[in-house]
2 protein chains.
Amino acid sequence: MKTPSVKRKVKMADIGAALGVSAMTVSRAFKGDAGINARTRAAILAKADELGYVFDATASNLRKSRTGFVAITVPSVENANFSATVRDLTKRLQKKNLQILLANTEYDPAEEERLIVQLLRRKPEAVVLTGAQHSQRTRALLTNVQIPVVEIWDLPEQPLGHVVGFSNRTSMSGLVDHMVRTGRRRLAFLGGETANDPRGVQRRAGFVEAMERHGLDATRLIPAGSAPVGMTEGAAGLDLLLDQYPDTDGLLCVSDLVAFGALAQCKRRGVRVPEDLAVSGYGNYEIGRVCEPPLTTIDVHAGQIGSRTADLILDLLDAPAEGAAQRHVIQPDLILRRSTP
Amino acid sequence: MKTPSVKRKVKMADIGAALGVSAMTVSRAFKGDAGINARTRAAILAKADELGYVFDATASNLRKSRTGFVAITVPSVENANFSATVRDLTKRLQKKNLQILLANTEYDPAEEERLIVQLLRRKPEAVVLTGAQHSQRTRALLTNVQIPVVEIWDLPEQPLGHVVGFSNRTSMSGLVDHMVRTGRRRLAFLGGETANDPRGVQRRAGFVEAMERHGLDATRLIPAGSAPVGMTEGAAGLDLLLDQYPDTDGLLCVSDLVAFGALAQCKRRGVRVPEDLAVSGYGNYEIGRVCEPPLTTIDVHAGQIGSRTADLILDLLDAPAEGAAQRHVIQPDLILRRSTP
DNA sequence: GTGAAAGCGCTAACAT
DNA sequence: ATGTTAGCGCTTTCAC
């Protein structure tokens, strides 16, 4: 090894000194500036490599008042839907050398607020929030901030800024319509009672709205517990449902995971799906494609939300202070499978 | 709204000026310094709030030469195993106000190298790498860096620094042992031929090693394609296998996703699992728990890798230049389910 | 308990 | 094509 034993931080001035040029010239060499001698530039890059120089973005960021950071909060990266969004957002932004600052809110608005405060101190150039439900203080912080704010995964009525989302409500209504169209009348909804899952609440609202529109009983609302709800809650929910409303002929679940749990419990109790009970999920998770019977569900195009958000941000960073807030509506798709007739 | 119409950036000096104190006092007020008048401090915090002040971490970072960043590369956050690691790592670090810098390598060492360069410019206080296979230049960059480097998800023979991982090889060997113990002899391995999935290659090596140890034929190695391989490749792989080695009585797959694909194809071809063919997966994905029959698999404790890495980093950042590189070995668990006898 | 001076490493702006 | 000066906003250091 020919590495120097003690490592002092090498800076541009050191490279310059070793070559008899100024720090400014070194700076220009790195950004591939037009106005610089090709030979000098080559020498600088070679020397930088030799000295093990690493460009200091913290200094550059301070001086330029630009960081290349994009902050994003999600309830949980472990959820396959949100991680698809994060992945496609990251993928596109990191190609442009923008760096994601990721934070998990754990479905908690207070934690979201705490994290937003931390994130804003890092001077990101844009902020992406999953969902539209925020604390007072979070809203205040974000309305005063001078950078693009994008709310995703919902269509808020009072958006903070830009929106890339879909209607959890309307898409769930469409699912009810399908159930009714195929002759089901005694429908129930499982999930979405708690405030920490605004998307679940919206889906439940869509259920109620559609039922009332059809003149049907919209009161079969089974709570599944606090987010994140999964397969266990789905199984327990099915028991609750059949105890209370044994004649239910269609069950709409707040997610594919919950629906899968309900499905498994149906098998145990000898309830035939879809003959005795039609079951649907939400989110088009892998599990819904492979279970038996496979689940009718809603594909919200989680990845697309990420890539369109990335595109929006890239546009906004190019354009200097563009005008109105943009609203990009994603159209979820109804996926029909054998769990419904 | 009583917000000022034009927003200039407010700094500590502005708050100080408004109150007749120096920027230094404001700085002390924010860090809850002991040596400061409680009344002064309260006034400063109130004024900061009133002016919409946001602390500038970029300036602080430069001055203090500490950023609170921890960089991590993963092949893909979309993979449920890696996202569990990222989640638990993030969860623990963000409690200490450390900020994750996440980068997706897309299973490509060249992209990894490019991303590492970008990440190091941000002056993270630690770097976490998923896997142990890196380009020459990546290795060089990371051996010269003066911060903790942690390789996770593997047990490299020539580690760059610290390690939090498990043996993909040994755990797969154990699975072979189980198959042999239950009477299977004509075993095949599906997956892991390509260099961009070093974990898959290790698992295949574990298969070969165990087979040879048992004096059995270790040549039934079915390629599944380039990472990431999934259910589709699993189904195709099963066809390849049965065309070439129709008498195979046990199939070990590189992941639960691949195993699930193989399982589905078995159903289509009328191959009974586990009677005609025992099938195992790897990674303990949710899908392996819910498919029929449920999959025998290896639980690598992906979340635990994240939390133990977080603990290690927190320790290292506390201790000033601790001694030797640490090696934390996680013990994967063999999960027996009905896809094997 | 508070302030003044200096500087972290880079780069905009203006020279030459 | 290259150099000089100044300053981004904070915090270390020393002074009082």
Side-chain angles (χ1 to χ4, degrees), chain A residues 7-45 47-48 51-69 97 118 120-125 146-147 320, chain B residues 7-45 47-48 51-69 97 118 120-125 146:
Chain A
K7 276 295 268 295
R8 309 235 136 268
K9 195 159 22 183
V10 181
K11 53 180 138 175
M12 286 187 176
D14 299 330
I15 300 173
L19 265 61
V21 298
S22 76
M24 203 51 236
T25 303
V26 178
S27 174
R28 287 196 257 257
F30 274 105
K31 66 167 68 147
D33 212 321
I36 184 171
N37 186 302
R39 190 182 303 254
T40 316
R41 189 175 127 85
I44 288 171
L45 295 183
K47 181 60 80 178
L51 297 180
Y53 173 71
V54 178
F55 181 90
D56 189 335
T58 64
S60 173
N61 290 346
L62 176 60
R63 178 64 241 232
K64 301 207 292 184
S65 300
R66 304 203 69 207
T67 58
F69 288 132
N97 288 339
Q118 294 302 319
L120 290 179
R121 295 163 60 127
R122 305 275 186 190
K123 307 296 170 184
E125 301 188 27
Q146 298 298 83
I147 53 174
Chain B
K7 276 296 269 293
R8 304 236 139 266
K9 195 162 16 184
V10 181
K11 55 178 133 174
M12 286 187 177
D14 299 331
I15 299 174
L19 264 61
V21 299
S22 75
M24 205 43 240
T25 303
V26 178
S27 174
R28 287 196 256 257
F30 274 106
K31 68 167 65 147
D33 212 319
I36 185 170
N37 185 303
R39 190 182 301 256
T40 317
R41 189 177 126 85
I44 288 171
L45 295 184
K47 182 58 83 177
L51 297 179
Y53 172 72
V54 178
F55 180 91
D56 190 334
T58 64
S60 173
N61 290 345
L62 175 59
R63 180 62 240 237
K64 301 209 290 185
S65 299
R66 303 203 69 205
T67 58
F69 288 132
N97 288 339
Q118 294 302 319
L120 290 180
R121 294 164 58 128
R122 304 275 186 190
K123 307 295 172 186
E125 300 187 27
Q146 297 300 83

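Every chain is numbered from 1 and lettered A, B, ... according to where its sequence line falls, protein lines coming before strand lines. If you're wondering where the values come from, they're calculated on a predicted model, not measured in any experiment. Only heavy atoms go into these numbers, but all of them, side chains included; no hydrogens, no water, no symmetry mates.
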Closest approach of [X] and [Y], non-hydrogen atoms and distance?
| X | Y | value |
| --- | --- | --- |
| L120(A) | V54(B) | O-CG1, 3.8 Å |
| D14(A) | K9(A) | OD2-O, 3.6 Å |
| I15(B) | K47(B) | CG2-CG, 4.0 Å |
| I44(A) | F30(A) | CG2-CE1, 4.5 Å |
| V26(B) | M12(B) | CG2-O, 3.6 Å |
| L62(A) | T58(B) | CD1-OG1, 3.9 Å |

Fill in: Short side-chain N/O contact from T58(A) to OP1 or OP2 of dG9(C), under 4.0 Å
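For dG9(C), neither OP1 nor OP2 has a side-chain N or O of T58(A) closer than 4.0 Å.
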Discussion item. Please determine whether a side-chain nitrogen or oxygen atom of T25(B) lies at a distance below 4.0 Å from atom OP1 or OP2 of dG3(C).
Written reply: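 For T25(B), the contact criterion (side-chain N or O under 4.0 Å from OP1 or OP2 of dG3(C)) is met.
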Practice prompt. Report the C-alpha separation of E125(B) and T67(B) in whole Å, then their side-chain angles, then the decisive distance to 0.1 Å, and conclude whether the side-chain contact (heavy atoms from CB on, under 4.5 Å) test is met.
Written response: CA-CA 7 Å; E125(B) 300 187 27; T67(B) 58; 3.9 Å; yes
Output the rounded distance in Å from [atom1] ([X]) to [atom2] ([N]).
| X | N | atom1 | atom2 | answer |
| --- | --- | --- | --- | --- |
| R66(B) | dG9(C) | CZ | P | 16 Å |
| F30(A) | dA12(C) | CZ | P | 15 Å |
| N61(A) | dA12(C) | CG | P | 12 Å |
| R39(B) | dG1(C) | CZ | P | 13 Å |
| R41(B) | dT2(C) | CZ | C1' | 16 Å |
| L19(A) | dG3(D) | CG | P | 10 Å |

Worksheet item: Does R41(A) reach the main-chain N or O of A29(A) with its side chain, forming a donor-acceptor pair under 3.5 Å?
Response: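 Yes.
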Practice prompt. Kindly indicate whether a cation-pi arrangement holds for R122(B) with F55(A), taking the cut-offs as under 6.0 Å to the six-membered ring centre and within 45° of the axis.
Written response: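 Ring-cation test returns no.
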Worksheet item: How would you label the contact of L62(B) with the nucleic acid (heavy atoms, under 4.0 Å): base, sugar-phosphate, or nothing?
Response: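 Result for L62(B) = base.
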Worksheet item: Base, sugar-phosphate, or nothing for G20(B), non-hydrogen atoms under 4.0 angstrom?
Response: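 Touches sugar-phosphate only.
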Worksheet, complete the sentence: A correct 5'-to-3' footprint of nucleotides 10-16 of chain D, with B, S and - meaning base, sugar-phosphate only and no protein heavy atom under 4.0 Å, is BBB----
Fill in: Terminal helix-axis angle for the helix from dG1(C)-dC16(D) to dT16(C)-dA1(D), with five pairs defining each axis and rounding to 10 degrees
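Between the axes fitted at each end of the helix from dG1(C)-dC16(D) to dT16(C)-dA1(D) lies an angle of 30°.
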